[in-house]
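Every heavy atom of this structure was used, including side-chain atoms; hydrogens, water molecules and symmetry mates were not. Proteins come first, then strands; the chains are lettered A, B, ... in the order of their sequence lines, and each starts at number 1.
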2 protein chains.
Amino acid sequence: MAADADLSALDRVFAALTDPTRRAILSMLLEDDMAVTDVAEPFDVSLAAISKHLTVLTQAGLISQEKRGRVKWCKLEPDALRDASVWMQSFGQFEAVNLDAFEAFLEKELGDAPDDTRPSGG
Amino acid sequence: MAADADLSALDRVFAALTDPTRRAILSMLLEDDMAVTDVAEPFDVSLAAISKHLTVLTQAGLISQEKRGRVKWCKLEPDALRDASVWMQSFGQFEAVNLDAFEAFLEKELGDAPDDTRPSGG
DNA sequence: CCCAAACTTAACCGTTTGGTTGAGCATTTG
DNA sequence: CAAATGCTCAACCAAACGGTTAAGTTTGGG
């Protein structure tokens with residue numbers, strides 16, 4: 001029932017990141033804020049399924065959603081990743097992020113590096 | 001794209017990190033290698049449950065297990081976190097890790113890890 | 001050898017997850 | 001107002017998850 005209340009913020013963030021569809025959504029939102037329908041478009045699942053994913057991401061704090069008219073805009077909230085990042089860094093032989101690996105990864109993951117494509121920082 | 005293979009590795013790492021018991025296990029292993037029975041001791045679940053958790057962590061590459069005699073030693077493999085860390089950093093408004101938050105977090109997370117369970121070897 | 005220790009595996013169970021379809025609500029448009 | 005658009009909710013389903021207990025396997029020791 002109220003199982004959600006038990007979950008720590010960290011639980012919710014990691015749980016949200018487990019699903020590859022949700023990670024892909026976050027990558028998409030890295031480029032721009034998007035409406036729910038547009039988020040759903042590239043995926044081979046129903047709009048309702050994407051709506052659920054967006055709820056999960058919202059509850060994890062990874063995105064925010066703002067309704068303007070009948071359109072609900074989704075915006076990346078990268079700050080929510082900080083605690084999880086900090087947690088992971090505590091295991092770090094790797095101190096900070098290896099920038100080479102970072103760029104290689106971005107090329108593979110996003111196709112184009114987001115060095116200039118940040119969602120306007122608010 | 002070959003990104004698929006990477007993504008499923010990420011899947012496994014994030015899925016493994018979702019469970020708070022498994023994160024606690026990783027924190028314990030941060031201090032020392034441990035036998036399965038000793039890993040299980042502070043938890044209120046069966047040994048079989050912990051054994052399953054350790055299998056999940058192993059398959060995610062987050063730990064390795066080496067059998068010496070009848071004892072299976074568990075060792076942290078923090079390198080497996082690098083890809084996930086890199087992925088998260090790609091969303092980083094937050095540049096590097098906030099060291100204050102890091103230390104505060106460690107105190108909270110590691111403050112009650114067992115220290116009576118060290119293997120004799122090193 | 002035989003038993004205990006240290007794990008793992010198998011079978012099972014309730015809950016959660018991710019998906020579906022269809023109905024419903026709010027808003028914009030005609 | 002009516003209809004279309006944008007999105008969520010409800011009901012349902014199969015599969016995965018995390019837990020259990022019980023049995024099995026391997027290793028070490030009296």
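- Taking atom CD1 on Ile50(A) and atom P on dG6(D), their separation rounds to 16 Å, with Å as the unit.
- At whole-Å resolution of the value, CG in Asp19(A) and P in dT16(C) are 18 Å apart.
- For Lys72(B), the listed nucleotide lying nearest its side chain is dC7(C); candidates were dG18(C), dC7(C), dG28(D).
- Listed pair Thr37(B) / dC7(C) meets the phosphate criterion, a side-chain N or O lying under 4.0 Å from OP1 or OP2.
- OP1 and OP2 of dT26(D) both lie 4.0 Å or more from every side-chain N or O belonging to Lys67(B).
- Between Glu66(B) and Arg68(B), at least one side-chain N (NZ, or NE/NH1/NH2) sits under 4.0 Å from a carboxylate O, which counts as a salt bridge.
- Across dG19(C), dT20(D), dT8(C), the shortest atom-to-atom separation from the side chain of Val36(B) is found for dT8(C).
- Rounded to whole Å, atom P of dA5(C) lies 15 Å from atom CD of Glu41(B).
- What separates CZ of Phe43(B) from P of dC7(C) is a distance of 15 Å, to the nearest Å.
- Sequence order on DNA chain D of the closest nucleotides to Val56(B) and Gly69(B) puts Val56(B) first from the 5' end.
- Across all strands shown, Ala48(A) has heavy atoms under 4.0 Å from base atoms, whether or not it also approaches the sugar-phosphate.
- Proximity of Asp11(B) to Asp19(A): side-chain heavy atoms (C-beta onward) are nowhere separated by under 4.5 Å.
- One atom, CZ of Arg70(B), and another, P of dT27(D), lie 11 Å apart when rounded to the nearest Å.
- At the heavy-atom level, Ser46(A) lies under 4.0 Å from base atoms of the strands shown.
- Between Trp87(B) and Phe14(B), the ring planes lie perpendicular to each other; the angle is over 60°, past the 30° to 60° tilted range.
- Contact annotation: Arg68(A) does not reach the phosphate of dT27(C) (side-chain N/O to OP1 or OP2, under 4.0 Å).
- When rounded to the nearest whole Å, the span between CH2 of Trp73(B) and P of dT27(D) equals 17 Å.
- Nucleic acid contact for Lys52(B): base, since at least one base atom lies under 4.0 Å from a heavy atom of the residue.
- The shortest distance between side-chain heavy atoms of Ile25(A) and Phe43(A) falls below 4.5 Å.
- Considering only side-chain atoms of Val71(B), the nucleotide from dA6(C), dG18(C), dG19(D) that sits closest is dA6(C).
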Requested in this report: Tell me, with the steps shown, if Leu26(B) and Leu57(B) meet side chain to side chain contact (heavy atoms under 4.5 Å, CB included).
Outcome: CA-CA 9 Å; Leu26(B) 292 178; Leu57(B) 289 170; 4.0 Å; yes
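- The CE atom of Met34(B) sits 15 Å away from the C1' atom of dC7(C) (whole-angstrom rounding).
- Mapping Thr18(A) and Leu47(B) onto DNA chain C via the closest heavy atom, the residue that lands nearer the 5' end is Leu47(B).
- One finds no side-chain N or O of His53(B) lying less than 4.0 angstrom from the OP1 or OP2 phosphate oxygen of dC17(D).
- A 4.5 Å side-chain heavy-atom check between Met88(B) and Pro78(A) finds every atom pair outside the cut-off.
- Here the side chain of Ala49(A) is nearest to one of dT20(C), dG19(D), dT8(D), namely dT20(C).
- For the pair Leu17(B) CG and dG18(D) P, the interatomic distance rounds to 12 Å; values are reported in whole Å.
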